[in-house]
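Below is one structure, written out as structure tokens; the observations come after it.
Each chain gets a letter, A, B and so on, in the order the sequences are listed, and its residues count up from 1.
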Amino acid sequence: MNNVTESAMVDYHDDAEIIRHCQQNDQRAYTALVEKYQDRAFWVAYNMVGNAEEARDVIQEAFVRVFRAIQRFDFNMSFYTWLYRIVSNLSIDHLRKMKRRRPVRLDDLGDKASEFAEQVSPSARLEVSEIKREVHEVLDKLPPHYKNVIVLRDIEGLSCKEIAAVTGASHPTVRWRLHTARKLFKEKWDRQQSRTARKAALPARDSSRGETDLERE
Amino acid sequence: MKCTQVLKHIHLLVGGDLPEETARQSRDHLKACLGCYREYQDVLRAHESLRTLRQKPDLSALLVGLSDDVLAELREAPLGPSAPLPRMPFSRILRFSAAAAVLLMIVSASFFLGQTSGLRANRGLDDAGTYRSGYSANENPGSPGEAREAFGPSDLREVDPLHRLEPQQLPRVQPASHRRGF
């Protein structure tokens, strides 16, 4: 009973406090920690592995690993850096295991993603979802380490120093990886865009040719 | 700042990952150089497409019950120092054992062959078991000391097979440290 009262008084905004309760095997603290970080962890994993179901498995495994090692948590480092590190490593492992890469679709996210999409106009929604699909396709072609840096910096918005702490690489290495990753992304993106433009131009040319033929007739 | 310098770190410039001073110098250059500015616009366009993924949809429906699943998995394998160490799968144990057995057989076979060929060379035996000098085992006059007494030092080469071998044919004796493991 005492334990319940104590856990009810836990300040769930303070990571250190939650982790201390986790170390005392408080189940509510476990739940609080998962619920606090599950969205961010999922988004990183999803952008890495490109599939909602697999991303969920990855973060579930990540949280299990976190809780198994929670007794050894170093309070000098931030929790999310640690969690991101585990999620990133698991995602990279997962990508390596999955030799066959599937194209990523936003439909993977299910109804909730469409609810999000309904907030904007249908044409804009289509355009945004098309861009996202193309970005995911290009991201999927990048090597895992470069993909990880891009996801953490440009999508998740972590600073280079934070990424260095997550990946365990030095700050200059992270910047070099980021530079190479963006360069690779741009090259592949440009190639993809020109391919899309060619595809779009083909039916247009055919239809215009058809019209002129009709006009001639 | 030169064009090459700006283009070298243009990908870091678009993301705001350059030191303040370098970024300022690069921006100054972009204001003056049309070619670099166009390249910057190109890079920026690709970068902006990436940033569309910053908008997270509402993921709560996808993540319903995640904490319960995590806790259930933890319950299956308890926390703390009492938690059992992860076991190696049986198939992997089998593969490791087979590899270790094969390795052991190869090492012991090579050691055994090395020993017997060394003994043969020491005794001046060829593969058929006869002495290379033409003597049979029964005709062996004995130790080199006895031979020296019987035939004199000049005839020693005729008797002691080791004296007839060229230096490169002599058996190589491994240092004791190599043999200690066996």
Side-chain angles (χ1 to χ4, degrees), chain A residues 25 27 30-35 38-40 42-43 46-47 52-53 55-56 59-61 63-64 66-68 70-71 106 109-117 128 131-132 134-136 138-139 150-151 153-157 159-160 175 178-183 185-190 193, chain B residues 4-20 22-23 26 38-87:
Chain A
N25 212 6
Q27 307 259 317
Y30 286 135
T31 309
L33 208 55
V34 172
E35 282 172 1
Q38 62 183 12
D39 280 22
R40 278 189 262 178
F42 176 83
W43 199 235
Y46 174 69
N47 285 312
E53 216 170 287
R56 196 185 194 277
I59 61 165
Q60 184 173 326
E61 175 65 24
F63 278 116
V64 168
V66 161
F67 291 141
R68 284 205 174 127
I70 200 87
Q71 301 294 338
L106 201 64
L109 294 179
D111 296 337
K112 280 290 165 183
S114 14
E115 271 178 34
F116 158 76
V128 168
I131 291 173
K132 284 183 176 178
E134 286 178 353
V135 170
H136 269 134
V138 176
L139 271 182
I150 275 204
V151 167
R153 178 74 187 102
D154 293 330
I155 299 172
E156 204 51 34
S159 72
C160 283
R175 276 180 47 176
L178 192 60
H179 165 82
T180 316
R182 281 181 185 155
K183 199 176 161 187
F185 178 85
K186 202 233 166 209
E187 283 168 12
K188 290 179 193 298
W189 175 255
D190 286 351
Q193 291 302 297
Chain B
T4 47
Q5 287 172 300
V6 173
L7 295 177
K8 195 177 164 188
H9 47 233
I10 201 162
H11 293 282
L12 293 177
L13 182 67
V14 290
D17 299 304
L18 279 180
E20 191 50 45
T22 321
S26 303
R38 280 184 181 151
E39 180 64 26
Y40 174 78
Q41 288 291 319
D42 262 9
V43 174
L44 191 65
R45 219 169 290 133
H47 190 249
E48 285 301 316
S49 69
L50 258 177
R51 292 168 81 102
T52 54
L53 296 182
R54 279 198 176 188
Q55 297 172 313
K56 277 180 213 161
D58 182 6
L59 301 167
S60 51
L62 278 165
L63 299 171
V64 167
L66 179 72
S67 54
D68 294 337
D69 291 347
V70 170
L71 289 175
E73 201 172 324
L74 286 172
R75 252 176 251 126
E76 283 172 20
L79 288 169
S82 59
L85 287 169
R87 279 187 187 171

Apply the test side-chain contact (heavy atoms from CB on, under 4.5 Å) to residues A:Asp154 and B:His47: give CA-CA distance (whole Å), side-chain angles for both, the deciding distance (0.1 Å), then the verdict.
-> CA-CA 8 Å; A:Asp154 293 330; B:His47 190 249; 3.1 Å; yes
Working for salt bridge (Lys or Arg N to Asp or Glu O under 4.0 Å), residues B:Lys56 and A:Glu156 | CA-CA 10 Å; B:Lys56 277 180 213 161; A:Glu156 204 51 34; 3.5 Å; yes
Applying a strict 4.5 Å limit to non-hydrogen atoms, the region of B:Asp42 in contact with chain A is both
Sort out for me which of B:Leu71, B:Leu66, B:Leu18 touches chain A most, counting heavy-atom pairs under 4.5 Å.
-> B:Leu66
Do A:Trp43 side-chain atoms and B:Arg54 backbone N/O form a donor-acceptor pair below 3.5 Å?
-> no
Could you grab the distance from atom CG of B:Leu59 to atom OH of A:Tyr46, nearest 0.5 Å is fine?
-> 9.5 Å
Can you say whether A:Glu35 sits under 4.5 Å from chain B via the side chain, the backbone, both, or neither, judging by heavy atoms?
-> side chain
Does B:Arg51 reach the main-chain N or O of A:Ile155 with its side chain, forming a donor-acceptor pair under 3.5 Å?
-> no
Would you indicate whether the side-chain heavy atoms of A:His179 and B:Lys8 approach each other to under 4.5 Å?
-> no
Can you find a pair of side-chain heavy atoms, one from B:Asp17 and one from A:Arg153, that are under 4.5 Å apart?
-> yes
Atom group of B:Leu12 that falls short of 4.5 Å from chain A, counting heavy atoms | both
Do you know which of B:Val70, B:Asp69, B:Leu50 has the most heavy-atom pairs under 4.5 Å to chain A?
-> B:Leu50
Heavy atoms only, distances under 4.5 angstrom: which of A:Gln27, A:Arg40, A:Arg182, A:Lys183 has the most pairs with chain B? Name it, please.
-> A:Arg182
Using a cut-off of under 4.5 Å on heavy-atom pairs, state which of A:Glu61, A:Gln60, A:Arg56, A:Lys186 scores highest against chain B.
-> A:Arg56
Compare all side-chain heavy atoms of A:Phe185 with those of B:Ser49 and state whether any distance is below 4.5 angstrom.
-> yes
Using a cut-off of under 4.5 Å on heavy-atom pairs, state which of B:Asp68, B:Val43, B:Val14, B:Ile10 scores highest against chain A.
-> B:Val43
